[in-house]
Structures are given as C-alpha cells and as structure tokens.
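Read through the structure below, which is laid out as structure tokens, and then see the notes.
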Amino acid sequence: MIYFDNASTTKISNLGLESYIKASKESYFNCSSLHKGGLQSNRELNKARNIILESINAQFNDNLIFCSGATEANNMALFGLTKNKSRVLTSVGEHPSIYNTAKALKNSIVDFVPLNSQGQVDIDKYCQMINDNDYDFISIMYVNNETGAINDIPRLVEIAKSKNAKTIFHSDCVQAFGKINVLVDNMGVDAISLSAHKINGPKGIGALYLKNGIHLNPIVYGGGQENGLRSGTENLPAIVAFANVAQDKISNLKQNYNNVLEIKNTILKIFDDKNFDYKINGYKDGSPYILSISLVGVKGEVLLHLLEMDDILIGTGSACSSKSSDNRILSSMGNSKEEVAGNIRLSFGVDNTKEEAEYVANKIIEHCSYLRSL
Ligand code: PMP
C-alpha cells in the first residue's frame, strides 16, 4: 500500500511505539502519587516536557501543557486566552479546531482575515484590519493543512505587536512542527499548538506552549494536573513517545525535508513532462510535505476511490472537512467550484519513496485521462 495521506495522520514509528510500550510497562504510576513510582513517572513527565520545550527553543521558565491533541490545545488557546468582550483576529484558512472554536466564542468579537490566491493570509488585508482595530488575541496557523501554504509568522507577529504590544499571538503549528523549524523565540509568538500523531507519534496527545507570563484560564477543571491548567491524569506513555518522536524529527529535520521535497518534485516533474493539466493550490515553495492540486474535469473523490483500488491512499481537502462539498479554504483562494470539486491532497511522510511518487504520478495521469474522456 502507498500511503500519501500523512497530513491527516501518520503511522506511529518504531521509536514512538517502543517508547510508548516501555513507559506503559515501567512507568504506569500516577505522576501525582507520592510514592517512589509516582516520583519516577513525574520525573519522566518533566523530562519529556523539557525535551519538547528545548526543541522549540523555549526559555526554561516557559510552560508546556500536555493535553489530548491540537484540537484541545486550540480550544484552550481560544477559550483560555481571551476574556469577555475580547477582540479576536484569526484567518479563513484555519483548521476547524480554530475556525469553529472562534465562531463559538460567544462574548468576543471575532474577525477572519481572508487568504491570498496562494493560500497565505492576505497581508494587505491583515495590515488594514490591525490598523483599524485593537486586537487582544490573534491566532494564525504556520503551515496550512490543506495546501501546505506557509504564513510568515515572525512578520505577522511584528505587525500585530507594533500596533499593540499586549496582543497575545497564538499559532497552530501542527503541520510545521518536526517538519520545518518551529522556534518560538524567532517567531515571537506567545502560544503555539502541537500534536504528536502528525509526526509519527501516538494519537490523542498534544500540547499547548505558553510563553512565561501568559495567563491561561483553564477549560478543564479537576485534580489540578499540569499546573492547574489542564486537569486529568497525565497520559505518560503517550507523552514520553511524543517527546521521543519530536526529538527524532528535529535531529533529522533537514534530511526528511529533502526526502519529501524530492517526492513532491518527482510528481510535479512527471506531470509537467507529460503535459498533464493540473493546478497547484498553494504554491510550489510551500511545505514539501503537502501537495494540493485541482484537476478540472475530474471529481477529486472519484479519483481518490480509483487510486484506492490501486492500493494508493490519498486525501481530498483535509480529512476534517472532506465531508462537506464546499471548501472554505480553497474557495477563499479564489478557486472555482469545479477546481474545488477536482481537488486532491497528497501528503508525504518519512516512509515514502521516490519510486512510490513515480508510480502514483503515473496512476493519477492514467485515471484522469480516463475520467476526462468520459
Ligand atoms: N490543526 C491542524 C493544522 C491540523 O492539521 C490538525 C489535524 N488535522 C489539528 C489542528 C487537530 O489536531 P488533533 O488531531 O491532534 O486534534
């Protein structure tokens, strides 16, 4: 089977699985227990926390709150970092865990900045909105999960903070972390969301990074774990596995980047060499981990199922929005209805090869000529 749907989730790596099993067997103690088992688990918890904080160049007194994944981290950021009557700015391109959560902020005024044709936040509109309003909280994603478009976060932070230094800036870094550099000091952000299952870690574990001094109101109350900011017995095996896979991804960042770039370029070269009719959603130099294309005259979903019969698994749009026929992100980029319907998303991971890329590119061309001839 060829798996080209890594933006929706990845297969857990041996490192992730083995460290998960080891921690489950040997460190199953409750991190809050006062006996030596609890202390051992608690030490492992803090070691994992420090590994991830170090991997994003955080300061020693910054905070990392483990939770059930980036959906929860994004909910924590939006509900926990805004107040009654906050002015909030986010973008039309965000993952539903930001977009729908922002819409659910009943007592805040929320604005959505549109995207440009390449899938990035429209910088002119952004500047204008910042100029015209006084935002308390801004959330803009680093890498778009549908198109791979990369937002210039340091610039967006600088623009926001030069208008109002007190604006809290959060960034959903799920599709960036472990794939391109996510360094909170360079980015200037106050908070970021992370998820383990996009980087060959286990599902159901993620984290919210908070810069020292940023006050969060918890959304989950209980026994006061995670500094009282996210109650619930810590999922230590998943946390340990998360830290290990993160460390591995950071050490091999460049090598992995070059491998997936070769895969993406191989596909595009075959398309171009064979004069295949396609359009990239986003732009060529976006994240190499994601290739979103529109194929006019083809229904993305039909192509997905034809490829499935060849044992090739791909996506259309994102798995999270694939059930709706409209696509807010592709439409905001100016795509026609036909281009939206003809969208497929290929997303790569560390296990993919150039040979797979060649095979898939040729199969796409073959199926599209058939579908276009009908
Ligand atoms: N943000 C982005 C950009 C994502 O791609 C995803 C996963 N589809 C999420 C948030 C949600 O992450 P999780 O599955 O860990 O809740």
Side-chain angles (χ1 to χ4, degrees), residues 7-9 63-115 119 121 126 129 133 135-147 149 151 153 156-157 160 167-177 182 189-198 203-211 214-222 226 229-232 317-324 326-332:
S8 74
T9 195
N63 213 340
L64 190 82
I65 308 156
F66 288 112
C67 58
S68 67
T71 297
E72 186 180 341
N74 286 341
N75 271 264
M76 271 204 268
L78 277 165
F79 282 116
L81 296 174
T82 60
K83 300 189 192 84
N84 203 9
K85 300 206 169 65
S86 282
R87 278 302 301 230
V88 174
L89 178 65
T90 183
S91 87
V92 175
E94 301 298 310
H95 184 268
S97 57
I98 288 287
Y99 188 82
N100 293 335
T101 309
K103 290 202 153 176
L105 290 174
K106 291 279 176 294
N107 297 317
S108 296
I109 305 168
V110 185
D111 294 329
F112 293 89
V113 58
L115 305 180
V121 159
Y126 177 83
M129 291 169 95
N133 300 286
Y135 290 110
D136 302 297
F137 179 85
I138 299 179
S139 181
I140 305 287
M141 72 199 319
Y142 197 169
V143 174
N144 185 281
N145 52 299
E146 296 207 18
T147 62
N151 286 310
I153 299 294
L156 298 177
V157 172
T167 305
I168 296 176
F169 199 108
H170 164 263
S171 180
D172 175 343
C173 291
V174 167
Q175 299 288 348
F177 182 59
V182 174
V189 287
D190 300 299
I192 68 171
S193 299
L194 304 172
S195 180
H197 73 100
K198 310 286 183 176
K203 300 181 203 335
I205 190 74
L208 179 69
Y209 156 84
L210 281 183
K211 191 171 166 176
I214 299 293
H215 176 76
L216 178 90
N217 288 314
I219 58 171
V220 177
Y221 289 86
E226 296 296 280
L229 297 175
R230 201 282 190 173
S231 288
S318 87
C320 304
S321 61
S322 59
K323 299 212 165 55
S324 107
D326 189 24
N327 182 308
R328 132 178 78 82
I329 295 173
L330 297 178
S331 302
S332 169

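Bear in mind the structure is a predicted one, so any value in this text is a computation, not a measurement. Just the heavy atoms: all of them, side chains too, but no hydrogens, waters or symmetry mates, feed the values below. All residue numbers refer to positions in the sequence shown, counting from 1.
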### Message
Among residues at least two apart in sequence or on other chains, which ones pass side chain to side chain contact (heavy atoms under 4.5 Å, CB included) with Ser86?
### Response
Thr82, Lys83, Val88, Ser108, Asp136

### Heavy-atom pair of closest approach, residues Phe137 and Thr167
N-CG2, 4.2 Å

### Beyond-backbone contact of Thr90 with Leu78, side-chain heavy atoms, under 4.5 angstrom
no

### Message
Could you check whether any side-chain N or O of Asp190 sits under 3.5 Å from a backbone N or O of Lys211, counting only pairs where one atom can act as donor and the other as acceptor?
### Response
no

### Task
Write out all pairs satisfying salt bridge (charged side-chain N to carboxylate O under 4.0 Å, His left out) with one or both partners inside residues 90-100, taking only residues at least two apart or from two chains.
none

### Message
Looking at every non-hydrogen atom in both residues, tell me the closest pair between Ala73 and Leu208 and how far apart they are.
### Response
O-CD1, 3.8 Å

### Message
Nearest 0.5 Å, please: how far is CD1 in Ile192 from CG in Leu64?
### Response
8.0 Å

### Task
Please tell me if the side chains of Lys198 and Asn145 come closer than 4.5 Å, counting only heavy atoms from C-beta onward.
no

#### Entry: Selection residues 96-105 - residue pairs positive for salt bridge (charged side-chain N to carboxylate O under 4.0 Å, His left out), sequence neighbours left out
none

### Task
For the residue pair Arg230 and Phe66, establish whether any side-chain heavy-atom pair is separated by less than 4.5 Å.
no

### Within-4.5 Å side-chain heavy-atom neighbours: Ile98 and Met141
no

### Task
Look up atom CZ in Phe169 and atom OG in Ser139, then write down how far apart they are to the nearest 0.5 Å.
7.5 Å

### Task
Kindly write out the residues that satisfy salt bridge (charged side-chain N to carboxylate O under 4.0 Å, His left out) with Asp172, not counting sequence neighbours, or none if the list is empty.
none

### Query
What pair of heavy atoms forms the shortest contact from Ala102 to Val110, and how long is it?
O-CG2, 3.5 Å

### Task
Output yes when a side-chain donor or acceptor of Gln175 lies under 3.5 Å from a complementary backbone atom of Ala7, and no otherwise.
yes

### Query
Which atom names give the shortest non-hydrogen contact between Ala70 and Ser195, and what distance separates them?
CB-CB, 3.8 Å

### Query
Can you name the closest pair of heavy atoms from Ala160 and Ile138 and give their distance?
CB-CD1, 3.5 Å

### Query
Does the side chain of His170 come within less than 4.5 Å of Asn74's, by heavy atoms?
yes

### Query
Which residues satisfy the side chain to side chain contact (heavy atoms under 4.5 Å, CB included) test with Ala196, sequence neighbours excluded?
Pro202, Ile205, Phe242

### Query
Would a 4.5 Å heavy-atom cut-off, applied to side chains only, mark Ile214 and Asn63 as touching?
no

### Query
What distance separates Asp111 CG from Met129 CE, expressed to the nearest 0.5 Å?
4.5 Å

### Message
Checking the side chain of Ser332 only, and the main-chain atoms of Arg328 only, is there a donor and an acceptor separated by less than 3.5 Å?
### Response
no

## Note on the structure
For Tyr126 and Leu156, the nearest pair of non-hydrogen atoms, with its separation, is OH-O, 2.7 Å

### Task
Evaluate side-chain contact (heavy atoms from CB on, under 4.5 Å) for Asn217 paired with Phe79, printing each intermediate quantity in order.
CA-CA 8 Å; Asn217 288 314; Phe79 282 116; over 6 Å; no

### Message
I need the Glu72 CD to Ser97 OG distance, nearest 0.5 Å.
### Response
11.0 Å

### Message
With heavy-atom distances below 4.5 Å as the criterion, would you say the side chains of Ile140 and Ser171 are in contact?
### Response
no

### Nearest-0.5 Å distance that lies between atom CG in Leu105 and atom CG in Asn84
11.0 Å

### Query
What residues, two or more places apart in sequence or in another chain, satisfy ring-ring contact (aromatic ring centres under 6.0 Å, His included) together with Phe112?
Tyr99

### Task
Please tell me if the side chains of His95 and Val174 come closer than 4.5 Å, counting only heavy atoms from C-beta onward.
no

### Message
Is it the case that the side chain of Asn151 and the backbone of Ile153 share a donor-acceptor pair, with hydrogens and angles ignored and the cut-off at 3.5 Å?
### Response
no

